[in-house]
*Asks:* 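Please see the structure below; I have some questions.
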Amino acid sequence: MHEAYDFAAIQEKWLPIWDEIQPFKSGRADDPRPKKYVLDMFPYPSGDLHMGHAEAYALGDVIARYWVQKGFNVMHPIGWDSFGLPAENAAIKRGSDPRAWTYENIAIQKASMRRYACSFDWDRTLHTSDPEYYKWNQWLFLELYKKGLAYRKDSAVNWCPSCQTVLANEQVVAGLCERCDTAATKKKLNQWYLKITDYADRLLDDMDQLEGAWPEKVLMMQRNWIGRSQGAEVQFEIEGRAEPVSIYTTRPDTLYGATFMVVAVDSSLAAELVAGSSVESAFNSYLEETKAASDIDRLATDRPKSGVFLERYAINPVNGERLPIWASDYVLADYGTGAIMAVPAHDQRDLDFAKAMKLDVKVVVDSGEEDPAITGIATTGSGSLINSGSLNGLTKEEAITAIVKELEAKDLGKSAKNYRLRDWLISRQRYWGTPIPIIHCEKCGEVPVPQDQLPVELPDASGLDLKPKGSSPLGAAEDWVNVSCPSCGGAAKRDADTMDTFFDSSWYFLRYTSVQFDDRAFDVDEVKTWLPVDQYVGGVTHAILHLLYSRFFTKVLHDLGYLDFVEPFTRLLNQGMVQMDGSAMSKSRGNLVKLSDELAEHGVDAIRLSMVFAGPPEDDIDWADVSPAASFKFLNRAWRLSGDVTSEPGVDFTKGDLSLRKATAKSLHDISFAVETFRFNVAVARVMELVNVTRKAIDSGCGGSDPAVREAAQAIAISLSLIAPYTAEDMWARLGHKPAIALAGWPTIDAALLEEDSVTAILQINGKIKDRIEVSPNITGGELEKLALSNDLITAEIAGGEVKKVIVRAPKLVNIVL
RNA sequence: GCCCCGGUAUCCCAAUGGUAGAGGAAGAGGACUUAAAAUCCUUUCAGUGUCGGUUCGAGUCCGACCCGGGGCACCA
């Protein structure tokens, strides 16, 4: 008679014991194990953990626990990305303090993580909203400022009317605020930026180091986002203007095909060119119209082209033709030079504009396609140049080289690069974030807060009106905002904005190495020991924002001499999302599955196992396809094995049943390989297989007393310790061992056991299977061929035919070609 | 529109260019039981989205297309 497998009792039994043993401490000075840094993306404390967390942390835990079993000193820390809008919004709603809401939720999540048996080192936690943490945000900001990488500028910025704050480019998705889906508008504001564009080339080129170690998808998204293009800048004289205007083009070969010029309607150049002309008022009303249009309107690609002729002319530098200058909103002020040469024959946008405004179309590349002036379809194919003076007859590539050389010689242009990436806007007009450590003095201008006065702590929220109103609530904290200038001592004001919370998360992985360290943001020696992160695990939602910013900060800190590496995350695993019936879970959709309910019903281990077994980690999980009940059943089945082992611990495995021993060895080998290649679902399948084999051995084979059964049961327990720690620990105890199984060590495999006694060789004729024979794995090609040619089924088939060729792949296959 | 990724059994998913099925779910049958649950055993189901190519041999490589998912999108 066996006791029942009671997941609730097991959970309650082992949790306090683990608290005692603390198997996952890292960084003890005398620890001789080699180091590994496994990092899960830290959560935002918005209530309790949900299904998404459960998946992410289950996967990260498999990796962390695996490396511990393999004998590594694994640093696996956790913290909270605890600044941000939800806390503030909740506080406004409930009339309380964002701080209280935040830290309550952190406590809730922390307790849940502990119960979920995450293998975190609880001595290495951090909260970005702690002054001890954000002090170093401020320090880093000032380092960037000193380097000229943090600056203020006036610009038309993305504004969310609902959140009442500005948004970074990256936070506007398809024209909508990524947080609340409100249509973003534009607002002219003076804001702080970080000069990430200075690092565009390195952010792009260093991705070569990540090839194969990061998901291809993420690399592609980042490359896309940075959007480097190669082209040329060309100078155009403007009639009645002293200075020429520079335009950017990726197709300098089509220079002869330019029939007009377009400047961005919201550029200062447009305003200057139109000033004093008869169309100035028409231009101004067009400009107003443009400003009023939301991003959504602007993004619609089928939107008809609009513009105003400025009554000015540019001169084409290669043929002296007069080109009318138009202002339009299809040219962007902040990309390239804000002005383009329009070549309607070979650019669809220019052609659309030309047709709308009845402008000339001039073909200069003979691509064999139909005349764009008639079809309305610009031709972009390659071909030889026509109507292009010295370029005639050249191919597109030859023409680009030739014209750039020619322009450079005449000082009329040069080769140039451009990027889609824009500088990172970090000011936010909200309370719950890191104050920007700058003091504005009428006499001295921007004055950095001196180092010894950091951190600039947030004032108490009580008494402040946190309601969004377009300017920072901090501005109203009189006692806080009014200070004397550190430079001249005169009356001055603090910068009242706070930092984008992505600033906080762009370097937290460094702080984990020394969370208590007071002297600096991080202990350089500890960082040297632990970084870069060996394995980063998190959602693909951060493919651009967080990962790009972190890479940027790492490069900056490298240049400042604090780091000796340039890429923070050596390997990256993106887990998929947990969905329900094909769409994201949400209360409003009514398809929300509560993690706490699932855990109560099936137990922690069954949920963790379900997450890991559901499919490849990077695929989305549909909870409708997942069966926690089946996971429970399997754990039960595995657990019961431990009660059927009747041999004592320490028994000599070499005396065990050979076929079971081989199965165990093969399983361990396959499980290792599967885990290291992130095929956790396959690893689970292999454990299941071994459980089935072991069950059979006990019931109808060598029996529970055979040493091989103990060996198998222990291998199962250790394998399960990565996924289902409570069940594994309990099995371990029932097998007569002391806790913690997490530190038991991965069993060593006798290589001899991996060798198979015999393999099935396939005999084919013309690629079709005719027979299978059992052969020794060491059989030579010659022997196998001989066996095949003397096989009855084969000789019957070849009878009368002529053997043209015999392909032998010993020991697995022989293919006879007739 | 451009660029990625994926289509294998009723479902979720496996398969270094070499036996399409490892594992699970669901279904069917049976053992045990007064019965049910639990447990155990047995078992059914596809030729890999479509067409063509390379190869002795293709789910796997190449090309085109269809379908699904994702990214970018007036970036000159």
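Quick note on labels: first sequence line is chain A, next is B, and so on, each numbered from 1.
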*Asks:* Using a distance-only criterion (donor-acceptor N/O pair, under 3.5 Å, no hydrogens), is the base of B/C74 paired with the side chain of A/Lys305?
*Replies:* yes
*Asks:* I'd like to know if A/Asp329 pairs up with A/Lys305 as an ion pair, taking the criterion as any Lys NZ or Arg NE/NH1/NH2 lying under 4.0 Å from an Asp or Glu carboxylate oxygen.
*Replies:* no
*Asks:* Touch check for A/Asn681, heavy atoms < 4.0 angstrom, all strands: base, sugar-phosphate only, or nothing?
*Replies:* sugar-phosphate
*Asks:* Please state whether the phosphate of B/A26, meaning OP1 or OP2, lies under 4.0 angstrom from any side-chain nitrogen or oxygen of A/Ser627.
*Replies:* no
*Asks:* Does the ring centre of A/Phe260 sit less than 6.0 Å away from the ring centre of A/Phe353?
*Replies:* yes
*Asks:* B/C56, OP1 or OP2 - any side-chain N/O from A/Lys768 closer than 4.0 Å?
*Replies:* no
*Asks:* Take atom CZ of A/Arg809 and atom C1' of B/G57, then tell me their distance rounded to the nearest Å.
*Replies:* 10 Å
*Asks:* Taking A/Tyr256's backbone N and O only, do any of them form a donor-acceptor pair with A/Lys362's side chain (distance below 3.5 Å, no angle check)?
*Replies:* yes
*Asks:* At 4.0 Å (heavy atoms only), tell me whether A/Ile762 reaches a base, stays on the sugar-phosphate, or touches nothing.
*Replies:* base
*Asks:* Please measure how far the P atom in B/G68 lies from the corresponding atom in B/G47, and state the result in whole Å.
*Replies:* 23 Å
*Asks:* Can you tell me the Watson-Crick or wobble partner of B/G1, both distances under 3.5 angstrom?
*Replies:* B/C72
*Asks:* Can you tell me how far C1' of B/C56 sits from NZ of A/Lys805, to the nearest Å?
*Replies:* 6 Å
*Asks:* Would you measure the distance from the C1' atom in B/C65 across to the matching atom in B/G71 and give it in whole Å?
*Replies:* 22 Å
*Asks:* Rounded to the Å, how far apart are A/Asp619 CG and B/A14 P?
*Replies:* 7 Å
*Asks:* Looking for any heavy atom pair under 4.0 Å, which part of the strands does A/Phe613 touch: base, sugar-phosphate only, or nothing?
*Replies:* base
*Asks:* Answer with base, sugar-phosphate or nothing: what part of the nucleic acid does A/Ser229 contact at a heavy-atom distance below 4.0 Å?
*Replies:* sugar-phosphate
*Asks:* Whole-Å distance between B/A73 P and A/Met221 CE?
*Replies:* 11 Å
*Asks:* Taking atom P of B/C40 as reference, at what distance in whole Å does atom CG of A/Asn692 sit?
*Replies:* 9 Å
*Asks:* Considering only side-chain heavy atoms of A/Ala685, which listed nucleotide, B/G23, B/G24, B/G18, is closest?
*Replies:* B/G23
*Asks:* Just how far, in rounded Å, is P of B/C56 from CD1 of A/Ile769?
*Replies:* 18 Å
*Asks:* Between A/Arg422 and A/Asp334, is there a salt bridge with N-O shorter than 4.0 Å?
*Replies:* yes
*Asks:* What does B/C45 pair with, Watson-Crick or G-U, if both distances are under 3.5 Å?
*Replies:* none
*Asks:* Taking atom types as they are modelled, would you say the side chain of A/Gln764 forms a donor-acceptor pair with the base of B/G18 within the 3.5 Å cutoff?
*Replies:* yes
*Asks:* Rounded off to whole Å, could you give me the CG-to-P distance for the A/Asp699 and B/A31 pair?
*Replies:* 19 Å
*Asks:* Side chain of A/Lys633 only, please: which of B/G70, B/U39, B/G24 is the nearest?
*Replies:* B/U39
*Asks:* Rounded to whole angstrom, note down the C1' distance from B/A37 over to B/A31.
*Replies:* 16 Å
*Asks:* Nearest to the A/Met688 side chain among B/G24, B/G57, B/A76, which nucleotide is it?
*Replies:* B/G24
*Asks:* Nearest to the side chain of A/Asn224 - B/A14, B/U42, B/G71?
*Replies:* B/G71
*Asks:* Kindly point out which of B/A76, B/C41, B/U19 is positioned nearest to the side chain of A/Tyr335?
*Replies:* B/A76
*Asks:* In terms of relative ring orientation, are A/Tyr248 and A/Tyr335 parallel, tilted or perpendicular, with 30° and 60° separating the classes?
*Replies:* perpendicular
*Asks:* Between B/A15 and B/C72, how many Å separate the two C1' atoms, rounded to a whole number?
*Replies:* 35 Å
*Asks:* Compute the ring centroids of A/Phe680 and A/Phe613, then answer whether they are less than 6.0 Å apart.
*Replies:* no
*Asks:* Does the side chain of A/His346 come under 3.5 Å of the side chain of A/Thr379 through a donor N or O and an acceptor N or O?
*Replies:* yes
*Asks:* For A/Lys804, report the nucleic acid contact type (base, sugar-phosphate, nothing); a contact means any heavy atom under 4.0 Å.
*Replies:* nothing
*Asks:* Check the phosphate of B/A14 against A/Arg686, side-chain N and O only, distance under 4.0 Å to OP1 or OP2. Yes or no?
*Replies:* no
*Asks:* Base of B/G47 relative to its sugar, syn (within 90° of 0) or anti?
*Replies:* syn
*Asks:* If the C1' atom of B/U54 is compared with that of B/C62, how far apart are they to the nearest Å?
*Replies:* 7 Å
*Asks:* To the side chain of A/Arg420, which of B/C72, B/C74, B/G57 is closest?
*Replies:* B/C72
*Asks:* Distance check, C1' atoms only: B/U50 and B/G59, in whole angstrom units.
*Replies:* 14 Å
*Asks:* Taking atom P in both B/G49 and B/C13, compute the distance separating them and give it to the nearest angstrom.
*Replies:* 15 Å
*Asks:* Ring centroid separation for A/Tyr193 and A/Trp424, is it under 6.0 angstrom?
*Replies:* no
*Asks:* If we call it a pair only when both distances are under 3.5 Å in a Watson-Crick or G-U wobble match, what pairs with B/G6?
*Replies:* B/C67
*Asks:* Could you tell me whether the phosphate oxygens of B/C72, OP1 or OP2, come under 4.0 Å of any side-chain nitrogen or oxygen in A/Arg223?
*Replies:* no
*Asks:* Need one value for A/Thr249: base, sugar-phosphate or nothing, where a base atom within 4.0 Å counts as base even if backbone is also close, heavy atoms only.
*Replies:* sugar-phosphate
*Asks:* On a whole-Å scale, what distance lies between the P atoms belonging to B/A35 and B/C45?
*Replies:* 32 Å
*Asks:* Can you tell me which nucleotide in B/C40, B/A22, B/C74 comes closest to the side chain of A/Arg637?
*Replies:* B/C40
*Asks:* Calculate the interatomic distance between A/Gln348 atom CD and B/C2 atom C1'; express it in whole Å.
*Replies:* 13 Å
*Asks:* Look through every strand shown and name the nucleotide pairing with B/C40 as Watson-Crick or G-U wobble, where both distances are under 3.5 Å.
*Replies:* B/G30
